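Remember, predicted model here, so these are calculated numbers, not experimental data.
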Amino acid sequence: MVDKPVVRLGVVGFGRHFRRYLLPNVIAEPRLSIRKIAELDPGLRAEAGCRFPGVRLVERAEQVFGDPEVDAVLISTTPATHVPLAEAAVRSGKHVFVEKPLGTSAAPVRRLAEVGAEHGCAVMSGLMWRRAPVTQVVREWLAGRGAHTRLLNMTVTLPFIDLKPSWRGDWGLSLRENAYYDGFIHPIDWASSMLGPIGEAHARELDTGDGRLAVHLWIEGAARDRAGAVTLVTGSDAYDVTALGHASDGSLWQMDTMQRVTVTAQPTWTGTPGGIRDRTTRCWEPGQLYRGWGRYGYAEEFAAFAESVTSDAPTEGTDLDDVARTYDVIEAVMRSVAERTTVQVPEPVPRRLPG
């Protein structure tokens with residue numbers, strides 16, 4: 001825990017993604033204050049100096065990790081460096097927010113979780129869909145009715161996911177792997193968080209080899225009391241996310257573009273079942289003064305990170321065990337495609353306790 005109202009933040013990586021999406025949301029979070037920035041590129045380092053004249057600039061990440069004037073570190077670099085840098089920061093006693101992806105398997109995620117627990121540091125990975133306002137609205141709606149999502153139908157279309165040369169060279173990713181671990185990871189994580197622990201996956205894939213990929217998968221809860229059908233497409237001209245959930249109490253919720261939710265409750269106003277005569281719905285969407293920037297969920301994940309660091313309270317998403325579980329599901333999906341069969345998702349691995 002940081003016994004201060006403001007977390008002194010060190011940033012590692014001042015690239016395009018950080019500047020465009022993360023930075024505005026970091027600035028908007030009153031409990032985070034950027035004190036130091038590490039960037040290898042001299043041009044970007046100079047840009048950081050112009051935009052933040054009061055912030056100390058360094059070249060190497062180690063110069064941030066060893067600084068006693070830094071409480072927590074935000075890592076937004078090339079994927080191959082995410083886990084090594086995060087682990088080094090935690091071993092230096094820093095709380096860490098690290099962008100996804102964290103590798104191509106659950107093993108490095110679980111190792112990082114163990115290191116975080118050993119050093120008493122909060123470690124969060126950037127999976128913002130599960131923290132988007134619409135996600136919280138659906139969860140609160142279901143919790144208030146004592147219900148859960150029994151059946152989920154989700155369709156996600158993403159633009160062409162290009163593989164940056166640095167990613168290919170540093171990490172050895174194929175276009176297909178990049179689609180899963182940089183793009184599809186969000187809907188798979190979101191669907192898993194809405195359904196609960198996933199027990200098995202069955203998937204089919206259409207890969208044209210040019211970065212355009214279509215995947216249809218069926219995931220089933222470990223208790224076999226809930227399931228989801230998810231269609232994932234990359235290489236589309238659209239960026240669209242829609243989901244429809246059938247709840248255990250008979251109600252229905254629909255999510256559109258991660259920013260609008262419509263729920264159909266029972267009974268209807270006239271008391272007829274199933275909306276045969278009338279369909280009574282309630283709609284929620286963020287207002288004009290919504291404070292997030294870029295994509296829904298970024299502001300909320302930084303608020304959750306700041307809360308965890310300052311209060312030492314368990315905040316959803318800071319527990320990397322959930323993230324590791326998402327990587328287990330992705331591995332099962334890819335195995336199902338390769339073997340053309342249903343694949344069991346392994347049981348969660350108990351975390352080794354410190355000492």
Side-chain angles (χ1 to χ4, degrees), residues 7-29 32-67 69-104 108-109 112 115-116 121-128 161-173 178 181-183 185-186 293-295 297-299 301-302 305-306 309 320 323:
V7 178
R8 300 170 297 179
L9 189 66
V11 174
V12 179
F14 199 73
R16 174 180 175 272
H17 178 73
F18 172 77
R19 300 193 311 274
R20 176 170 291 188
Y21 299 113
L22 305 187
L23 178 58
N25 292 289
V26 170
I27 293 174
E29 173 51 55
L32 298 178
S33 175
I34 298 176
R35 300 298 178 88
K36 200 168 191 176
I37 297 174
E39 172 55 56
L40 289 172
D41 186 282
L44 292 177
R45 203 160 57 244
E47 180 181 340
C50 292
R51 298 178 68 172
F52 299 96
V55 172
R56 291 170 292 162
L57 305 174
V58 295
E59 182 179 357
R60 311 296 302 183
E62 294 78 8
Q63 296 171 275
V64 176
F65 302 160
D67 191 338
E69 298 298 313
V70 170
D71 303 312
V73 177
L74 187 158
I75 297 171
S76 180
T77 53
T78 55
T81 66
H82 285 173
V83 170
L85 287 175
E87 188 170 333
V90 170
R91 292 189 184 280
S92 299
K94 308 301 182 188
H95 303 282
V96 173
F97 179 95
V98 55
E99 265 293 16
K100 55 82 185 168
L102 297 180
T104 56
V109 184
L112 184 56
V115 174
C121 294
V123 185
M124 177 184 283
S125 178
L127 290 170
M128 72 280 192
I161 299 179
D162 195 9
L163 187 59
K164 304 173 183 67
S166 61
W167 289 28
R168 185 188 298 273
D170 293 345
W171 206 15
L173 279 182
N178 187 57
Y181 290 105
D182 189 45
I185 187 173
H186 285 297
W293 176 266
R295 296 172 191 166
Y298 278 127
E301 66 183 4
F302 286 120
F305 181 63
V309 173
L320 288 185
V323 180

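- Remark: T78 OG1 to H17 NE2 distance equals 13.0 Å, nearest 0.5 Å.
- Residues passing the side-chain hydrogen bond (donor to acceptor under 3.5 Å, both in side chains) test with R45: none are found, sequence neighbours excluded.
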Exercise for the section: Dump the intermediate steps for side chain to side chain contact (heavy atoms under 4.5 Å, CB included) on Q63 and R56, then the final yes or no. Expected result: CA-CA 11 Å; Q63 296 171 275; R56 291 170 292 162; over 6 Å; no
Handout entry: side chain to side chain contact (heavy atoms under 4.5 Å, CB included) assessment of V98 paired with M124
Key = CA-CA 6 Å; V98 55; M124 177 184 283; over 6 Å; no
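- In plain terms, the two heavy atoms of L57 and A48 that are nearest each other are CD2-CB, 3.9 Å.
- Atom CG in L22 sits 11.5 Å away from atom CZ in R16 (nearest 0.5 Å).
- The distance from atom CG of L85 to atom OG of S76, rounded to the nearest 0.5 Å, is 11.0 Å.
- Remark: side-chain polar atoms of E39 are not paired, donor with acceptor, to backbone N or O of L44 under 3.5 angstrom.
- For the pair V73 and V70, the tightest heavy-atom approach, listed with the atom from each and the gap, is CG2-CG1, 4.3 Å.
- Heavy-atom minimum distance, A72 versus V7: CB-CG1, 3.7 Å.
- Across R60 and A38, no two heavy atoms sit closer than the pair O-CB, 3.6 Å.
- Formation of a donor-acceptor pair under 3.5 Å by the R19 side chain with backbone atoms of F14 is found in this model.
- Note that NZ of K94 and CD1 of I75 are 12.5 Å apart. Values are rounded to the nearest 0.5 Å.
- Rounding to the nearest 0.5 angstrom, the gap separating the CE atom in M128 from the NZ atom in K100 is 7.0 Å.
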Exercise for the section: Would you please test V309 and L32 for side chain to side chain contact (heavy atoms under 4.5 Å, CB included) and show each step? Expected result: CA-CA 10 Å; V309 173; L32 298 178; over 6 Å; no
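- Checking K36, R35, R8 one by one against D67, the side-chain contact (heavy atoms from CB on, under 4.5 Å) holds for a single residue, K36.
- Taking both residues in full, the closest heavy atoms of Y181 and G103 are given as CD2-O, 3.6 Å, listed atom of the first, atom of the second, then distance.
- Under the 4.5 Å side-chain criterion, counting only non-hydrogen atoms from C-beta, I37 is not in contact with F18.
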Problem - Candidate pair F52 and L23, rule side chain to side chain contact (heavy atoms under 4.5 Å, CB included), full reasoning - result: CA-CA 12 Å; F52 299 96; L23 178 58; 3.6 Å; yes
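- Residues satisfying the side-chain hydrogen bond (donor to acceptor under 3.5 Å, both in side chains) test with R51, not counting sequence neighbours, are E47.
- Between the CG atom in L74 and the CD1 atom in I34 there is a gap of 8.0 Å [rounded to 0.5 Å].
- Below 30°, between 30° and 60°, or above 60°: for F97 and F302 the angle between ring planes is between 30° and 60°, a tilted geometry.
- In summary, of the residues considered (V96, V12, L102), a side-chain contact (heavy atoms from CB on, under 4.5 Å) with H82 occurs for L102 alone.
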